[in-house]
Amino acid sequence: MELSRQVLSTGWSFRDRDGEEWMPVKAVPSVVQQDLMNNNKLDDPFIGFNELKARWVNEKSWVYRNTFKRPQVPEGCSIDLVFDGLDTFATVKLDGNVILQSDNMFLGHRVNVTEALEAEGDHVLEIEFDCALQRAREIKAEHPDHVWVGFNGDTSRLAVRKAQYHWGWDWGPVLMTAGIWRPIVLEVYTARVVDLWAQTQLAADHQSAGITAVAKFDNASGGDFTARFSLSLNGNEIAAEEVPVSSENQAKMTVKVDNPKLWWPHGYGEQTLYKISVSLRRGNTQVAESSKNFGIRTAEVIQQPDKHGKSFYFRINGMDIFCGGSCWIPTDSLLTNVSADRYRKWIQLMVEGRQIMIRVWGGGIYEDAAFYEACDELGVLVWQDFMFGCGNYPTWPSLLESIREEAIYNVQRLRHHPSIVIWVGNNEDYQVQESEGLTYNYEDKDPESWLKTNFPARYIYEKLLPEVVAENSPSTFYHPGSPWGDGKKSSDTTVGDMHQWNVWHGTQEKYQIFDTLGGRFNSEFGMEAFPHLSTIEYFVEDPKDLFPQSHVIDFHNKADGHERRLATYLVENLRTATDLETYIYLTQVVQAETMMFGYRGWRRQWGDERHCGGALLWQLNDCWPTISWAIADYFLNPKPAYYAVKRVLNPIAVGVRREHHDWSVAHAQPPRTSKYELWVSSNNPEAVRGSIELRFLSVNTGRDIRTPILREDIVLTANGTTNIITDGLLDHIAEPEPHVLAARLWVDHKVVARDVDWPQPFKYLNLSDRGLEVQLKRSSPEKATLIVNSRKPVKCLVIEEQEGVRISDNAIDIVPGDEQVIEVTGLGDKSLKFRYLGQECVELVQ
């Protein structure tokens, strides 16, 4: 018979292990907090101070139960119970007998229950989830010789293979979930496909590709099984072969594809996906089948000596690619809330924002298949951390074995995705080693000796995990940690990747100099900003708490010292405000400016011998409604920073910048002169021609204070930087008015990029009375256009984000004589609100 699957999603009930009351479960996958809310036993922990009221759940053990009937089982068939994810300490009983014990949230399990289900009728499946918080503390106490140190959360988390952010982080709540967080399936089969994997070898000239498809089976080694492989593209079969199954339960097909269609990240080519299928047959009867999509591409990390040290950048299909993108945290504290559609909306938001890479952070989870499928289909590169974050992890033998199984399971589960281009050992564990003075001798190459030091986790990152990747996905690059570079200090700017937190954290540098602080690949950096008012109103229950420093708003900001840091960056740069709506906007302006200064300068460095190979901001998303470094909030509402990054990552972007004058050090004395620079950054694989205009416009009057500079028919360097002006000089004595430098770039007679450099800080400027004109034209119920003009320079014009409404550009600067057009979709009969720096919110109804 062909394999049959019964998903055990309904009919469940649960209870507190110490209680008597069984309560219904709406459906699984689920976690206990969601089930308690559905039974009116728990208030939504995302609202107000309810997280504190939910802490009791963290300290309990829970039992889930399901009664199901024995499936129809033809003679000679096997029955398996398949558990894709149990969170975390789970004891599984079938009809009262223990069939599985698990202590790793990241592992799937398969249990043969053929004999256990011999009896007809009902069978009872019961899963007891022991309290992970208590178990972690007990395990920690059993190992006093280990140095239990780390950043964020109770360090007992290091002993448990559970999503580390569940212990709380500096952007998320303490919600210790438990439950059936991925599906449970009852399978009946004669034989089955265990694994299917297509390895590709692309010729250097891209004119051909070798594909080796390997299938592994269970119960198919009897000699009368054959495997039919099929390779297809866009639904059309292009190769097929039927081969006998070996005595080792395996079969293999090798095929050559001429003129293969390659998989590219978006903006560089098509996201072509081939499909490999295998059908397991006994005689003329199909008994099992499986298929997977994959891409034909090469992915390299280029590390070679140069004048800056040692490079670190990605090369896809022979093309050097500047990887501008974001870091990703789990997009919900209650993971079973996340649908495939929600994953896709997040990745679509990245693509619309011209971001090319997402970094799956090591304190979360190996994501659901839907996440990686969206990245494959939409063309977003994935930097995949292993799940170790901010700690000194222990390495007793049973834990190492669990970690090895976890790594094999997830690498094999995900290796067919063309979007995954790097596996990375951990997040910031080497920084913990440095900060705590743990032993790390890079010259010591004996792995067994590492286990005897007070930093034994090195064994995981430099032996165990690279061995797993080499064996199970040998064409994927492995990097020991993030940040990490050849055993040097994590702050070394000449090698590897770095996390640059001396803006916001650390020395709290001015964001205007962010680009001078970067390294070879900037895989973390950020600036906090409030989410939109609608998100604040979602979690603030009492309208009296709708002010910037209210207790409940501070409670929803988990970052240590956030009050001081937000205040510092606001007061240094902007005229402060006490009303919530303006305060929200000002924090968003600071975040947008910070991201712009970092990305713009680092992208320019790409053209200087790949000085900077990429920039992944912290962070794209939130796991609950909160105040954080995210550039889009929990409800997928982009903040102004999202659009600032989008413009800098334009395929061809113009940049203009005057030298930084540190007004605080100069005691607010203005500079007599300022140098300025003008350049173009391009991702285009071919050189193109363009023209640039640079205007010098008074902030106060909007008039040109000197003759514009026009450079026509300039050859713009392919996939690099073209420096237009490197030694410009502004004379502030001769031109005393504060003025902006406004650059526009034309290619093929169309404006393709803009940039505006402003005098710093904004708080010294009078930005009222700008003469802004915003005209709304509705072309259909779903489509509208905003036409924007101004008599004086306007800073950060923000159109209010609304659910279901998409805006092509936002948080824009406007200068006189340069009309800008913004496309709006999904507006319907709604009105729009907007504001800019120096003006309160205005409603536009037309």
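Keep in mind that the numbers below use all heavy atoms, side chains included, and drop hydrogens, waters and symmetry copies. All values reported here derive from a predicted model rather than from experimental measurement.
Between Glu528 and Lys639 there is no salt bridge, since none of the side-chain N atoms of the basic residue sits less than 4.0 Å from a carboxylate O of the acidic one. The pair Lys510-Glu572 counts as a salt bridge, with a side-chain nitrogen and a carboxylate oxygen less than 4.0 angstrom apart. Using a cutoff of 4.0 Å between basic side-chain nitrogens and carboxylate oxygens, Asp170 and Lys558 are not scored as salt-bridged. A salt bridge does not link Asp755 with Arg647: every distance from a Lys NZ or Arg NE/NH1/NH2 to an Asp or Glu carboxylate oxygen is 4.0 Å or more. The pair Asp560-Arg565 does not meet the salt-bridge criterion, since no charged nitrogen lies less than 4.0 angstrom from a carboxylate oxygen.
Relative orientation of the Trp328 and Phe371 rings is tilted, given thresholds of 30° and 60° on the angle between their planes.
With Trp679 as the aromatic partner, Arg604 meets the cation-pi criteria of under 6.0 angstrom to the ring centre and within 45 degrees of the ring axis.
Residues meeting the ring-ring contact (aromatic ring centres under 6.0 Å, His included) test with Trp606, sequence neighbours left out: Tyr313, Phe322. Under the side-chain hydrogen bond (donor to acceptor under 3.5 Å, both in side chains) criterion, Thr439 pairs with Asn454, not counting sequence neighbours. Residues passing the ring-ring contact (aromatic ring centres under 6.0 Å, His included) test with Phe514, sequence neighbours excluded: Phe525, Trp602. Under the ring-ring contact (aromatic ring centres under 6.0 Å, His included) criterion, His667 pairs with no residue at all, not counting sequence neighbours. For His611, the ring-ring contact (aromatic ring centres under 6.0 Å, His included) partners two or more places apart in sequence, or in a different chain, are His308.
Within the structure, the ring-ring contact (aromatic ring centres under 6.0 Å, His included) test picks out the following pairs touching residues 561-594 (sequence neighbours left out): Phe530-Tyr583.
With respect to Asp515, the side-chain hydrogen bond (donor to acceptor under 3.5 Å, both in side chains) criterion is satisfied by exactly one of Arg603, Arg657, Gln605: Arg657.
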